[in-house]
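These notes concern the structure reproduced below.
Chain letters run A, B, ... following the sequence lines, proteins first and then strands; every chain starts at 1.
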There are 2 protein chains.
Amino acid sequence: MTDPLLESVVRANHELFMRTGDRVSRPLEEMGLTLATAQALWAIDPDRPPPSMKVLAGRLYCNAPNLSFVVNQLVDRGLVERGTDPADRRARVAVLTGRGREMRERVVDLLLRQSPFAECGAEELRHLTELLERVLDRSAD
Amino acid sequence: MTDPLLESVVRANHELFMRTGDRVSRPLEEMGLTLATAQALWAIDPDRPPPSMKVLAGRLYCNAPNLSFVVNQLVDRGLVERGTDPADRRARVAVLTGRGREMRERVVDLLLRQSPFAECGAEELRHLTELLERVLDRSAD
DNA sequence: AACAGTGCTTCGAGACTCGAAGTAAGTGTG
DNA sequence: CACACTTACTTCGAGTCTCGAAGCACTGTT
């Protein structure tokens with residue numbers, strides 16, 4: 001009853017993710033980051049309005065206390081500042097500092113270069129994007 | 001210099017993995033498992049010779065002390081037993097118990113059913129398998 | 001028999017995660 | 001307006017996960 005094709009896809013997806021994380025952990029450590037803080041940094045796009053804690057927690061699939069902890073790490077490192085959303089003064093937003101933007105760029109660059117997907121050709125990447133985005137859309141909550 | 005296609009593929013890979021983990025954590029908890037123990041269980045294929053600690057650590061991208069810890073959890077739950085490899089008596093192997101085999105089957109079934117890939121058709125799955133396996137092979141260490 | 005190397009475990013410290021409880025700010029109802 | 005209710009976030013405490021250092025057991029080599 002278990003589909004071998006489904007199993008191999010899920011396993012490959014898992015494997016690719018773990019392999020990237022493995023390759024990246026040392027360089028991140030040298031930048032003073034952990035995997036958790038790096039992912040949080042990645043989730044804050046400087047070209048978009050700064051996300052609230054709630055939005056950020058959703059993107060990272062973690063809960064509020066956990067996110068508070070991770071954002072504190074980033075604040076302690078001078079990469080992020082907390083602000084208040086003027087439209088809803090309950091909400092705190094995460095804003096990248098100058099060093100934060102710089103560090104985020106290095107992190108994204110590292111993650112992409114170390115990913116096994118980095119060795120794909122343009123044609124493969126177009127193909128993969130199309131397939132994976134479709135799967136994501138279909139499973140949207 | 002950052003390829004938007006590469007970025008979307010890496011992001012999708014990350015997203016699909018995290019979404020599966022998120023959906024699966026509650027049911028696993030009800031089975032008395034965590035994500036770490038479930039992945040370890042998945043990594044022990046009962047139809048193949050029982051893996052040594054070293055092999056298992058490689059599959060899970062963790063180091064030896066960490067694997068010892070996780071295997072202890074499985075032993076405490078009666079799902080795994082430690083054995084000694086007769087060919088090299090330094091090496092310990094992880095062997096599934098009867099309950100372990102049963103639990104592993106439930107875990108794999110859960111992971112596959114909850115994965116966003118579960119909604120793919122056979123054609124998509126064939127396509128994805130081919131692409132992802134190629135990427136994996138190319139980045140083999 | 002000594003010795004260096006390998007596989008694993010234990011230990012201790014740090015990082016991560018989460019539920020429960022508390023604070024501040026918005027919302028709705030009378 | 002006052003009141004209860006909800007929402008967004010933080011703090012706290014406990015449990016889980018991860019890893020480097022140190023130590024034990026076995027192997028292969030000289």
Measure from the side-chain heavy atoms of A:R82 and tell me the nearest of D:dA8, C:dG26, D:dT10. D:dT10
By nearest atom, which of the nucleotides C:dT10, D:dT10, D:dC17 is closest to the B:N72 side chain? C:dT10
How many whole angstroms separate atom CD of B:Q73 from atom C1' of C:dT10? 15 Å
Rounded off to whole Å, could you give me the CG-to-P distance for the B:L56 and D:dT18 pair? 13 Å
Out of D:dC19, D:dT10, D:dC26, minimum distance to the side chain of A:R92 belongs to D:dT10
The side chain of B:D88 is closest to which nucleotide in this list: D:dC19, D:dT10, D:dT27? D:dT27
Do any pairs count as a ring pair (Phe, Tyr, Trp, His ring centres under 6.0 Å) and have a residue in residues 64-106 of chain B, sequence neighbours left out, and if so which ones? none
Pair A:R126 + A:E123, salt bridge at N-O below 4.0 Å: yes
How do B:L67 and A:T37 order along DNA chain C: which one's closest nucleotide is nearer the 5' end? B:L67
Out of C:dT10, D:dC17, D:dT10, whichever nucleotide has its closest atom nearest the side chain of B:A36: D:dC17
Using whole Å, what does the distance between atom P of nucleotide C:dG5 and atom CZ of B:R89 come to? 23 Å
Can you tell me the distance, in whole Å, between the CG atom of B:L28 and the C1' atom of C:dT17? 15 Å
Whether B:E105 and B:R101 form a salt bridge (side-chain N of Lys/Arg under 4.0 Å from carboxylate O of Asp/Glu) is what I want to check. no
Could you state the atom-to-atom distance from CG of B:N63 to P of D:dA22 in whole Å? 16 Å
Quick one: which of D:dT11, C:dC16, C:dT9 gets closest to the side chain of A:N66? C:dC16
Round to the nearest Å and state the distance from B:M53 atom CE to D:dC26 atom C1'. 16 Å
hbond_proxy A:R90 side chain to D:dT7 base (donor-acceptor, 3.5 Å cutoff): yes
Whole angstrom value for the distance that separates C1' of D:dT16 from CZ of B:R77: 11 Å
When you match A:P86 and A:T34 each to their closest nucleotide on DNA chain C, which lands nearer the 5' end? A:T34
By side chain to side chain contact (heavy atoms under 4.5 Å, CB included) - contacts of B:D45 (at least two apart): B:D47, B:R48, B:R104
Strictly below 4.0 Å, N to O, side chains only: are A:R11 and A:E15 in salt-bridge contact? no
CD of B:E29 versus C1' of C:dG19: gap in Å, rounded? 11 Å
Look at all strands and tell whether A:A91 reaches a base, only sugar-phosphate, or nothing, counting heavy atoms closer than 4.0 Å. sugar-phosphate
Respond yes when some side-chain nitrogen or oxygen of A:R26 is under 4.0 Å from OP1 or OP2 of D:dG20, and no when none is. yes
